[in-house]
Novice: 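First the structure, which I've put down as structure tokens, then a few questions once you've had a look.
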Amino acid sequence: MEFPSEFIRFLTKASRVAVLTGAGVSQESGLRTFRDAQSGLWAQYRPEDLASPEAFARDPKLVWDWYAWRREAIKGVRPNAGHYALTEMEKKISEFTLVTQNVDGLHRIAGSANILELHGNILKVRCSECGTFTETWDDDVESVPRCEKCNGLLRPDVVWFGESLPRAELEAAVNAARTCQVFFSIGTSGVVQSAAALAHAARNKGSVVVEINAEPTPLTPKVDFAFHGKSGEILPELVKAVWANGLS
Ligand code: APR
């Protein structure tokens, strides 16, 4: 892929870069996105039936089992070249912030360090009553496992629809978007708030905004550079193009 020389110059000189990622970045690892027609999870399941506090109150076992199924799927995959390219970029740029909507933990496994998990992490579990985190729980019981401390139902440490994002992570993400010189939106449909507002916050502060996505999104008309294709192919090429020695 050819990258405009103007863009390469921007990125080469940039010392503050913020990146927002979504499910598209993990698609080439074998994980389904949410809104891709047919293959997206929301094409098969209704988010309101599975990813909301109301759904958990209504049928905790259904919700618990769905996240357990997703957790097993995530344990069976590895980061892809897109994840590793972002790890490389972090080594080359002095202030690099990776904001992710993904709960799969693949960025961390790939070696990224400065990560803000805006929607939580599916590999973590906490009590729905007292909030206590636990590393271990009994998965083969008929009902949802319970908190050893208060006997409350355990739940995945992810942000459900209608719940607020973790305050510290959101504040840090907004700050990174507002102070970066280059903002990347990668593998996200850009329709879910508050994450979708970050690119606009960066743009309003005069940052160069870049989209890397398999298809155009509502953000596309607003960006300075848009590269449509697979992030696992585009990102390694970009790293090679900007930092010459690439991923050797
Ligand atoms: N490379 C780049 N982009 C890709 C790839 C790929 N290999 N495969 C798919 N995409 C793009 C799709 O075209 C789509 O625009 O990734 C985007 C994924 O969008 P969504 O499925 O809407 O996922 P995301 O934006 O992360 O969803 C945001 O919504 O359901 C909630 O909490 C959930 O974090 C999630 C949030």
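Here the structure is a predicted model, which means the values were calculated and not measured. As the structure lists them, so they are numbered: ligands from 1, and atoms in each ligand from 1.
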Novice: Tell me if the CD atom of Glu163 is crowded by more than 12 foreign heavy atoms within 6.0 Å.
Specialist: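 More than 12 within 6.0 Å, yes.
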Novice: One pair to check against side-chain hydrogen bond (donor to acceptor under 3.5 Å, both in side chains): Thr217 and Glu211. What are the steps and the verdict?
Specialist: CA-CA 9 Å; Thr217 71; Glu211 180 178 67; 2.4 Å; yes
Novice: Starting from atom 31 (C) of ligand 1, what is the nearest protein heavy atom, named by residue and atom, and what distance separates them?
Specialist: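 Going by distance alone, atom 31 (C) of ligand 1 is nearest to Arg35 NH2, 3.5 Å.
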Novice: Which bit of Gln27 gets closer than 4.0 Å to ligand 1, counting heavy atoms only: side chain, backbone, both or neither?
Specialist: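 Side chain only.
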Novice: Identify the closest protein heavy atom to atom 30 (O) of ligand 1: which residue and atom is it, and at what distance?
Specialist: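 For atom 30 (O) of ligand 1, the nearest protein heavy atom is Trp42 NE1, 2.8 Å.
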Novice: Are any of the heavy atoms in Gly229 under 4.0 Å away from ligand 1?
Specialist: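 Yes.
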Novice: Give me the nearest non-hydrogen protein atom to atom 28 (C) of ligand 1 as residue plus atom name, then the distance to 0.1 Å.
Specialist: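 That would be Gln101 OE1, 3.3 Å.
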Novice: Considering only the protein, which heavy-atom contact is closest to atom 15 (O) of ligand 1, and what is its distance?
Specialist: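 Residue, atom and distance for the closest contact: Asn213 ND2, 2.9 Å.
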Novice: Which of these, Ala195, Pro216, Ser189, has its nearest heavy atom closest to atom 20 (P) of ligand 1?
Specialist: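 Considering heavy atoms of Ala195, Pro216, Ser189, the nearest to atom 20 (P) of ligand 1 sits in Ser189.
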Novice: Are any of the N/O atoms in Thr188 less than 3.5 Å from those in ligand 1?
Specialist: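 Among all N and O atoms of Thr188, at least one is under 3.5 Å from an N or O of ligand 1.
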Novice: Any chance you could lay out the salt bridge (Lys or Arg N to Asp or Glu O under 4.0 Å) test for Glu171 and Arg167, step after step, and finish with the verdict?
Specialist: CA-CA 6 Å; Glu171 281 174 9; Arg167 176 187 288 272; 3.4 Å; yes
Novice: State whether Trp66 and Arg71 meet the cation-pi test: NZ (Lys) or CZ (Arg) under 6.0 Å from the six-membered ring centroid, and within 45° of the perpendicular axis.
Specialist: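 Arg71 over Trp66 ring: no.
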Novice: Distance to 0.1 Å, residue and atom name: give those for the protein heavy atom nearest to atom 18 (C) of ligand 1.
Specialist: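 Closest protein heavy atom to atom 18 (C) of ligand 1: Gly187 O, 3.7 Å.
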Novice: Kindly determine whether Thr21 and Gln101 satisfy side-chain hydrogen bond (donor to acceptor under 3.5 Å, both in side chains), including the steps that lead there.
Specialist: CA-CA 6 Å; Thr21 65; Gln101 299 168 89; over 6 Å; no
Novice: Report the part of Phe161 (side chain from C-beta onward, or backbone N, CA, C, O) that has a heavy atom under 4.0 Å from ligand 1; answer both or neither where that applies.
Specialist: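 The side chain, only.
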Novice: If you measure every N/O of Glu28 against every N/O of ligand 1, is any gap under 3.5 Å?
Specialist: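 Glu28 vs ligand 1: N/O contact under 3.5 Å present.
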Novice: Short N/O distance, under 3.5 Å, between Gly232 and ligand 1?
Specialist: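 Between Gly232 and ligand 1 (N or O atoms, distance only) the closest approach is not under 3.5 Å.
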Novice: Stepwise, does the salt bridge (Lys or Arg N to Asp or Glu O under 4.0 Å) test hold for Glu6 with Arg9?
Specialist: CA-CA 5 Å; Glu6 186 199 357; Arg9 253 198 323 280; 5.9 Å; no
Novice: What protein heavy atom sits nearest atom 12 (C) of ligand 1, and how far away is it?
Specialist: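 Scanning the protein heavy atoms, the shortest distance from atom 12 (C) of ligand 1 goes to Asp36 OD1, 3.4 Å.
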Novice: Parallel, tilted or perpendicular: which one describes the rings of Phe7 and Phe227, with boundaries at 30° and 60°?
Specialist: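 Answer is tilted, since the angle falls between 30° and 60°.
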Novice: Name the residue from Glu117, Lys124, His119 that meets the side chain to side chain donor-acceptor pair (under 3.5 Å) definition with Asn121.
Specialist: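 The passing option is Glu117.
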Novice: So which heavy atom in the protein is nearest atom 13 (O) of ligand 1, and how far is it from that ligand atom?
Specialist: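 The protein heavy atom lying closest is Glu215 OE2, 2.8 Å.
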Novice: To check your reading of the model: name the closest protein heavy atom to atom 35 (C) of ligand 1, its residue, and the distance in Å.
Specialist: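 Answer, as residue, atom name and distance: Phe34 CE1, 3.6 Å.
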Novice: For the CD atom on Glu2, are there more than 12 heavy atoms of other groups (residues, nucleotides or ligands in this structure) within a distance under 6.0 Å?
Specialist: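 Result for CD/Glu2: open.
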